Amino acid sequence: MTRFTKYHLVLVGIAVLLLLMSLVRVASGQNDITSSGTFAAALLLAVPIGLAGLGGLWAERAGVVNIGLEGMMVLGTWFAGWAGYQWGAVAALIAGLLGGALGGLIHAVATVTFGVDHIISGVAINLLGPGVTRFLSEVLYKEGTPAADAGAGITTSPAITGKTWEPSLPLLSDGPDLLGKLESTHWFLLSDLAGILGGLTRNVNILVVLAVLLLPLTFFVLWRTAFGLRLRSVGENPWAAESLGVNVYLIKYIAVVISGAFAGLGGVFLVFVSTKYVEGQTAGRGFIGLAAMIFGNWRPGGLAAGASLFGYADGLQLRSSGAVTSFFLFGAVLLLAYLIIRARRMLAPDQPAELAARSPKDYTLMAAAAAGMVVLFWLWVTVDQLPNEFVFITPHVLTLLVLLVASQRLRMPKADGVRYRRGEQH
Amino acid sequence: MPPPSRRGEMSADTLATAKPAVELEGITKRFPGVVANHDIRITVEPGTVHAIVGENGAGKSTLMKILYGMQKPDEGTIKVNGTEVAFRTPSDAIAVGIGMVHQHFMLADNLTVLENIVLGAEPKKGGMLDTATARKRITELAESHGLRVDPDKLVEDLGVGDRQRVEILKVLYRGARILILDEPTAVLVPQEVEELFQNLRELKAEGLTVIFISHKLDEVLDIADAITVIRRGTTVASLARNEVTSARQLAELMVGSELPTPETRESTVTDRVALQVAHLTMEADGYRPVPKGTSVETYVEKLRADGKRLLLDDVSFEIHEGEILGIAGVEGNGQSELIEAIMGIRAAHGGIALGEQDISTWSTLKRRESGIGYIPEDRHRQGLLLEASLWENRVLGHQTRKPARNGIWVDRRAAKADTERIVKDYDVRTPGVDTLALALSGGNQQKLIVGREMSGAPKFLIAAHPTRGVDVGAQAAIWDHLRNARAAGLAVLLISADLDELIGLSDTIQVIYRGRLVAALDPSDITPERLGGYMTGAIAGTEET
Amino acid sequence: GGGGGSTTASEAPTGAASSEAPKSALKVGLAFDIGGRGDKSFNDAAYAGLEKAKTELSAEIKELSPAADGSNRGDLLRQLADAGYNPIIGVGFAYGEDIKKAAEEYPDIQFAVVDSASNAPNVTGLLFAEEQGSYLAGVAAATKSESSHIGFVGGVENDLIKKFEAGYVAGAKSVKSDIKIDIKYLTPDGDFSGFKAPDKGKVAADKMYQDGADIVYHASGDSGLGVFQAAAAAKKKAIGVDSDQRQTVKETDLQSVILTSMLKRVDVGVFEFIKAFQGGAKGGANVTYDLKVDGVGLATTGGEIDDIKDKLDAARQDIVGGKITVPAKP
Amino acid sequence: MPAGLNRALLTVAGAVIAIVLAIAISSVAITAAGASPLHAFAAFFDFGASERAQSNAIATFLNRAVPLFIAGLAVAVGFRMNLFNIGVEGQYRLAAICAAYVGSTFSAPAPIQITVIIVVAALVGGLYALIPAVMKVTRGVNEVISTIMLNYIAINLSSFLVRGPFAGQRAEGQLTTTTPELPDSAMFPNLNFVFDWFGLLPPTRGGGVWGFLLVAIALGIVIWVVLERTRFGFNVKASGLNGPAALASGVDPKKMIIAAMMLSGGIAGLIGLPEILGDKGAFNSNFTAGLGFLGIAVALLGRNKPVGIAVAALLFAFLDRAQGALQIANVPPSVITIIQGVTVLLVVVANEVTNRLALRLEERRAAQELGTNKVEVAA
Ligand SMILES: Nc1ncnc2c1ncn2[C@@H]1O[C@H](COP(=O)(O)OP(=O)(O)OP(=O)(O)O)[C@@H](O)[C@H]1O
Ligand SMILES: Nc1ncnc2c1ncn2[C@@H]1O[C@H](COP(=O)(O)OP(=O)(O)OP(=O)(O)O)[C@@H](O)[C@H]1O
Ligand SMILES: [Mg+2]
Ligand SMILES: [Mg+2]
C-alpha cells in the first residue's frame, strides 16, 4: 500500500520536474537544459559517482562506513590502466575490479577483524591508494620500461587496447535518429523528452549499460534474496544476525570487498572514458559518490537520483555556463510553488483551527521564501554570465540545498559504523 | 532448511525412557578476571520447563550462551539428547534443535517481522527469498501456538509483547525442540506473562523442552518443573518443583542470606508540592511550538481533534516533598517520554513547576542545577560514560556544580574526593575511583549512579527502574537510600516494571496507559494482578486513594 | 662556472659536497613542477633538454620532483644547491617566488626558471611566447574551419593558460573577425585537476562540436585526450599543445584528428640555458623563446596544415617583424 | 596511577610495533622497486653533508611539522566528539586568503598586525565551519557530506577571491595569482637564533625556522588544557563517548556541535598562516593545499590528543622532508606516502588492539582487587 503510493509520488515528481525544466528552458532559451548532449554528459559524469555510491551502499548496508571509496577508486583506475594496455578492455575491467576489491579487503581487515573505526580506516586507505599507485607508476612506468615505450608516463598509463562497444537505440537515436529530429524542433515538453531520451540512449558505452543495470541488480540482491536479507540484517543488528547463525564477519567481508570492487569499477569506467589511466582522474568522486548515497537514503533508487543530480549539474556547467543561471529561475519557480501551496493551505476556509495555530515561524518562513524568490528572479534577469568559479560549484551547491531540504527524512542502517565483535553484545 | 517441527510426536509416554534433553557436565568458563561458570552440572529432562535462577552476574546468561554455541566453554561437556556435541557457532546449536530467546531483544528494527523470523533459515525459490512460503509457515506456527503477529509489519512499530512473540516464533520457525528463554518476562506485565506461560505450557505439552531464566521467583514457581540455582558461577542446588516450598527458600539459596523486600513504612508525605506537572502533552510527529495567543489547552484540543497521535496526553500530577509517586505502565506507554519531558530532553507542551518555579522552558542543565536528580532507565545509554573513570562519571550531570566545578575548570581533586565518598556510602565495589566504569558490574554501576544523583541534595528525583538487572543485595541498598532520602523530604517519581517494587515503595501509584494517566491507586490495597489489569487497559476507571 | 655551494652573508666556506667535486664538472640540477618527470608534457620536455645537455655537454645531471602538494619547491632548490649543483633550473611558473629567494641565498649559483621572469641578478627567466604560437594555432583553426566556429578548452583557469587563449583568439579573429569562438575552462585556478580530467575535457569539447565548432584547441594537459576523443567522435579536428601530440599520442584514431600542435620548446629553452651557462653567461635577464627563435610554433606532422603554410608563414613573419603584437591576456 | 601508565606503555609499544611493521612493508616495496631499503632509510636520516644543508633540512622538517600539527589539532577537536570535520581543507584555505588580504590592507606595529591577521584567520575558519554546524543542528545534514561539498566551494571561492576582489599586484613576468604583499610588520620573526645557541649555521631557507612554531606550541598547550581540564573539554569528551548520556546530563548537543565545529574551524583557519607569515608574505596560487586531509591522518595517528598529534606531525614532516633526499638516492619518493599510509593503518590497528588489551587488563585488575572483597561479603 505505502509502496504503491510512494511509487506514484515518484512518478508525479518526475513529471513535475520535467515540466518545470521544460518551462525554464523555454523561458530562458537555454536549450542545453534538456538537450541530449547534456544528458549524455550527465550520464557519463554520473556513472562513476553512481558506482562509487553503490560501493558505499553495499558496505553501509552491511554496517561498514566506507569513506575509503576514493582510494579504492584510485586503485581501480591504476590497475585498469595497467592491465588494459597489455591485455585489452576485458582485462582492464577485471583488474580494476580486483584493484578496488583489494582496497575493500584492506578496509575489511581493519574494520571487521581489528575493529578499527571505519572513518579512520577509510582515511588511511585514501592516503594509501594514491601513494601505492604513484609508487607503482614510478616503478613500472619509468623511462626505459616497455610501458614507457608504449606511451606510459609517471602520471599516465599507455592507452588501453581494444574498443568498447557503444550501442544506440535503433531508429530512435540511431540511423534516422527520430529523437534527435524531435529534439531539434525545440517544442515545448516534447523536444525536452526527446532530448533526454536521446541523450540517454545514443552511443551509450557498454559499461554505462552495465553500471545502470547494477542498480536494479543491487536492489534485487539486497532486498529480494536470502543473502541480501542477511547482509541488511548485519547492518541493522549484527548481534541478532549472529544469534541466528549468520556469519556476520563473512558477510561484512563480502560486502566490503564488493564495495571496493564497485568503487574500482567506477575507476575502470573513468579509464575507459579517457582510454588510459591518468593520475588524479578520480578527482574526489569517491566522496561525491558517498554523498550521493546518503542523499539517496541508502537505497539504490535514491542513490541514482543523487548521482544523476550531480552528473547533470556538472554536465550542464561544463557545457554551458549560461544555462547555469537558469537555476535561478528554476529556484524562483520552486519557491513560488511552495508559497502558493502554503498560502492556499492558510486561506482554506474550512480550516479555522489551522488558522489559529499559525506561528510567527511560519510567517518568517514564508517571508524568507518570498524574498528568496524575488532575489533569485532578479539574479536571473540581471546576471547573464556568472564568474566561472561560481559555475564550477553548481553541483556542490545543489547537493547542499537538496540535503538541507531532505536530510531529516534520511534513515541510515542502525548499526552503520558500529564496531561489531563476535560474542560481545552492545 | 531447518527440520520441520514434529509437533506432538514425543508424547508423555515416551518421556520416561527418553534421554535427558540437555546434560551439562562440569562447564567452566573464564573471562579475564572472572570465572563466570565453574564446574556447572545441569540435567534437563525432555518435555519439562527447567528454570535456572541466580543473582546478577551468577553466570546464567553465560551458561546459556555456551549451550547456544555463542561462547565456547573452557572445560566441560555438553550432551543434547544423549549425544555429546561441540558447538562452534549458533548455527550448530540450531541444527540440533536448540533455540534461544535472549535477555535483550535480538531484532533488527528496520526489517519486517517476517524477515526477522526467517533470517538465517530463509526459504528460497530460484535464488530468491520465498516470502510466500515463509509467510504461510509463520502464520501456521502463529496460529497453532497462539502467537499472533503480522508478518509484514516493521519490527520498530511493535510493542514489547509483540516483540517477545516474534522472538519465540524465530525459535519455533527453526524447529527447535529445546527452547532457552533468558529473562523473557522482564519487560512484560503480569497478563502478558500469563499469556507467555500459557504458550510455554502448550509447547511443553507438545514435548518441547524449555529452559527458563528469571529473577522473579514466583514466576519460576508458577511455571517450572525443575529448578537449578546458580551462585557465583556454580550450581548450588538442583530441585524438583515439589521440593521447593517457597520463593523465600529459593532466594536464600541464591544469595545465601536473608531476602529483603521493599516495605512501605509510615508516610512522610508533606503538604508542600515539590513538583507539579500540568497538562503535559507530547506530539508523536515532532514538537511544534504553540502559536502565540493560543492557550496550551486549546492547542491540545486541536491536536486531538486533528487525530494526531500523542505520546503524552494531558498528563497532570503533583508530587509532594517526602512522597514517592509510582508510575505503573506497560513499557512504551509514555513513561520514557514523561521523564524525558520533565528532564527537558524532549520538548512537550504544558507546565512543569519545581516548587514555585515554572521550569517548563528551562534547559536540561538548568533543571538539573535547580535540584532535579535523574536515574535513567538505561544506565549504559543515558547514565554512564563506560570508557571514562568513575570520578569522571561522578562529574557527569554535575559539571556546573560544586564540587565538580571550579570556575571554567573541572575540579579533579574535589570530584575524586566526592567519588570516594559515594563509593564508601553506597558500597560501590571498585578498586578505586580511577577505574573505568565498564569494569564494574551492573549493580555497582547502578549504585554509583544512585549515589551521584543523590548528591547535591536534590529536591526531586526521577528514578526509572532503579533496580533493573541489579541483584538482591544491591537492590535492598538502593531501596534503603530511596527511603531515607524520602524521609528527608525528597520527592521521587518512581518508574518501575517491577510491580512489587512499585507497590512497596510508592506512596501513590498512577497508571499510565497510551500516554494518559488513567488511574490513581493506593498501593496499600492493590495487588500486582489488579495493577496489571489497569496497566493493560483491562480495568478502566479510577480508584479513590 | 662551477664551484657552487658558497654561502650568503655568513663567512662559511663552500660545502663539503661541492668541494669534493672536480672543479671543471658541469653539474646541472633541475626541479620539476607538480606531476614531475614522466608527465609526457611540460616536465618531460624540460627533461629532454636536460638530457641533451648530458649527452652533448657531458653534464652531470640531477632532477627532482616536488611533493604532490608542491609544498617543497624551495626546499628542492636548496637541496640541489647544497649538493653543489650549478646551474639549477626550476620548471614552471610556480617556481618564480621560490627561485627568487633561493637565488638571494645562493648568489654564486646561477638559476633559471621556466615560464617566469627573472627576479634576481643570478636568475634567468626562460619565457615562452605561448600567445604567439597560439596565434598561429588560431590562424590555422580559423582558416581551416568550414563553419566559422571554433573552440578552446583550457585546463585550469590561470594566467598561463589564458595566454594561450588570448593568442588563439587574436589569431582566429585576424582571419575572420566575426568567427565564433567557444571558450571553456575545466577548473578554477588552484585546482589542478583540470589538467587530469579527460572526461570533463570530452564533455566540454563535445558541446562545442555539437554546437557547430569544427576545430577545438586545447591547453589542458591530460584532459586534452578527451578533446581528441570528442573530435574523433564528431569526426572533426582538434589542435594539440606543448609537444607534437600527433606523435606523442599513441592511439592511431586520435592521431588523425590532430590538425596540428602548438609547440612549446621547453627542451630548447633548458638546453640553451645550460649551454649559455657553460659559455659563461650570467643571469639577471629573461630569454624569451618566441616565434623568432622557434621557441614556439606549430607542428606539421601529418601534413594537415601544409596547404595553408603560406598563410601561417605570413602571420609568423608579421609577428617576428613586429607588425603584429599578440596580446598575452584575453 | 599505574593503570594509566600501563595503558600509555601499551600504546607506545603498539605504535612502535606498527611503525616497525610499516618499515618492513615499505622495505618490501623499495626492494621491489629495485632500490636498497638501507639506502632509502639512510636517505631519511641524511640531512645533507654540509652544515648549511643540515640546518636547511632541520628548518624544512620543522616548518612542515607546524601546519601539520595545527591541522591535526583542528581535526581532533571535532573527532573528540565524533564530529567528522572533513572540511578543514576548505576552512583553512578560505581563512588564509581572507587573513592575507586583510593583513595587506593596513600597517600597524608587528604585534598588532600579526594578532589581527591571526584573529581574522581564526574567525573566517570558524565561521566557515559554522555553516555545516548549523546545517547539522537545524536540518540534520550529515557533516561529512556537507563539509566535503563545502571544500569544493571554498576552493572555488578562494580562487575567485584571489583573482578578483583580493587580487594584488604581481611582479612583472610572474604568473602566479596572488593577494597584495603583506607589510613587513606582518612577517612573523623567525627562530634562526636558536641555531646559534647550538653553534650551528642558521638555515638560509626563506624565513628560516618559522616563528609560528611558537604559536603552534602555545596552541597545542591551550587545546590540551581546554580539552582535558575545563568543563567545556569534559562536555566534549562526554558527547564523544556517549551522546545520549551527555544530553541527559545537561549538555546541549546543539551548542556543543556549534562550539566544537567553530573551534575546529577556528584552529583550521591558522593552518595556512605559518607559510604566509613565515615565508610567502601573501596568499598565492602556490599555496600549499591538502593539509586539511593530511591533518585527518595526523590526528588519527596522534589519537586525537595534542601530544600524540605533535609526535604524528613530526613523524609526517620527517618523512616528507626526505622527498629530495630519496630522489638523490634514486629511490621513488612515493615510498613516503606508502610509509605514511601504512603507518596510519597499522597504528590505528595497533591502537585498537592495545586499547582492548588495556581495557581487558583494567577489568581483570578490578576483578582481582575485588576478589578479596567478595569473600568478605559472602561470609
Ligand atoms: N563477554 C564477557 N567478558 C567478560 N566477562 C563477562 C562476559 N560475559 C559475562 N561476563 C562476566 O561473567 C559473569 C556472569 O555473567 P552473566 O551475564 O552470565 O550473568 P547472569 O547470571 O546472566 O546475570 P544477569 O542476571 O544480570 O543477567 C559476570 O560477572 C560478568 O562479569
Ligand atoms: N561482552 C562483555 N565484555 C566484557 N565485559 C562484559 C561483557 N558483558 C558483560 N561484561 C561485564 O559483566 C559485568 C556485568 O555483566 P552484566 O551483563 O550482568 O551487566 P548488567 O549491567 O547487569 O547487564 P544487564 O543490564 O543486561 O542486566 C560488567 O562488569 C561488565 O563489564
Ligand atoms: Mg543474564
Ligand atoms: Mg545482567
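Everything quoted here is computed from the prediction, not taken from an experiment. Every chain is numbered from 1 and lettered A, B, ... according to where its sequence line falls, protein lines coming before strand lines.
- Partners of D:Arg163 according to the salt bridge (charged side-chain N to carboxylate O under 4.0 Å, His left out) rule, which considers only residues two or more places apart in sequence or in another chain, are A:Glu389, C:Glu157.
- Proximity to chain D (any heavy atom under 4.5 Å) is restricted, for A:Thr399, to the side chain, taken from C-beta onward.
- There is no contact between A:Leu140 and chain D, counting heavy-atom distances below 4.5 Å.
- A donor-acceptor contact closer than 3.5 angstrom is absent between the side chains of A:Thr133 and A:Glu279.
- Between chain D and the residues A:Thr111, A:Leu128, A:Ile288, the largest count of heavy-atom pairs under 4.5 Å involves A:Leu128.
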* List the steps, then state whether side-chain hydrogen bond (donor to acceptor under 3.5 Å, both in side chains) holds for D:Gln327 with D:Asn330. => CA-CA 5 Å; D:Gln327 294 181 63; D:Asn330 287 321; over 6 Å; no
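- Only the backbone of A:Ala283 comes within contact range of chain D, judged by heavy atoms closer than 4.5 Å.
- Between A:Trp78 and A:Tyr141, the distance separating the two ring centers is shorter than 6.0 angstrom.
- With respect to chain D, the highest number of heavy-atom pairs below 4.5 Å among A:Val139, A:Asp117, A:Ile393 belongs to A:Ile393.
- Both the backbone and the side chain of D:Pro333 have a heavy atom closer than 4.5 Å to some heavy atom of chain A.
- Neither the backbone nor the side chain of D:Ala299 comes within less than 4.5 Å of any heavy atom in chain A.
- Taking D:Thr138, D:Asn355, D:Ile338, D:Ile339 one by one and counting their heavy-atom pairs under 4.5 Å with chain A, the maximum is reached by D:Ile338.
- Listed here is the closest heavy atom pair of D:Gln91 and D:Gly265: OE1-CA, 3.5 Å.
- Only the backbone of D:Ile30 has a heavy atom closer than 4.5 Å to any heavy atom of chain A.
- Contact tally against chain D (heavy-atom pairs below 4.5 Å) for A:Pro395, A:Ala110, A:Gly115: the top residue is A:Gly115.
- Of the atoms belonging to A:Ile106, it is side-chain heavy atoms, and not backbone ones, that fall under 4.5 Å from chain D.
- A salt bridge links D:Glu352 to D:Arg356: at least one charged side-chain nitrogen sits closer than 4.0 Å to a carboxylate oxygen.
- Counting heavy-atom pairs closer than 4.5 Å to chain D, the top residue among A:Met412, A:Arg419, A:Lys142 is A:Arg419.
- Options A:Ile119, A:Val123, A:Val109, A:Ile154 differ in how many heavy-atom pairs under 4.5 Å they form with chain D, and the most are formed by A:Ile119.
- Only the backbone of A:Val405 comes within contact range of chain D, with heavy atoms under 4.5 Å apart.
- Looking at D:Val144, the atoms closer than 4.5 Å to chain A (heavy atoms on both sides) all sit in the side chain, from C-beta outward.
- Side chains of A:Glu138 and D:Ser334: a donor-acceptor N/O pair is present below 3.5 angstrom, by distance only.
- Each of D:Ile131, D:Asn142, D:Ile257, D:Val141 was compared with D:Lys136 under the side chain to side chain contact (heavy atoms under 4.5 Å, CB included) criterion, and only D:Ile257 meets it.
- For chain A, the nearby part of D:Leu300 is the side chain; its heavy atoms alone come within less than 4.5 Å.
- For chain D, the nearby parts of A:Val116 are the backbone and the side chain; heavy atoms of each come within less than 4.5 Å.
- Across all non-hydrogen atoms, the minimal contact from A:Gly103 to A:Met72 is O-CE, 3.7 Å.
- Annotation for D:Val331 and D:Ala35: closest pair CG2-CB, 4.0 Å, computed over non-hydrogen atoms.
- When heavy atoms are compared at a cutoff of 4.5 Å, D:Tyr152 approaches chain A by way of both its backbone and its side chain.
- Using bins of under 30°, 30° to 60° and over 60° for the plane-to-plane angle, the ring pair D:Phe160/A:Phe390 lands in the perpendicular bin.
- Considering all non-hydrogen atoms of both residues, D:Val335 and D:Ser26 come closest at CG1-CB, 4.5 Å.
- Residue contact with chain A, scored on non-hydrogen atoms closer than 4.5 Å, is absent for D:Leu301.
- Only the side chain of D:Val353 comes within contact range of chain A, with at least one heavy atom under 4.5 Å from a heavy atom of that chain.
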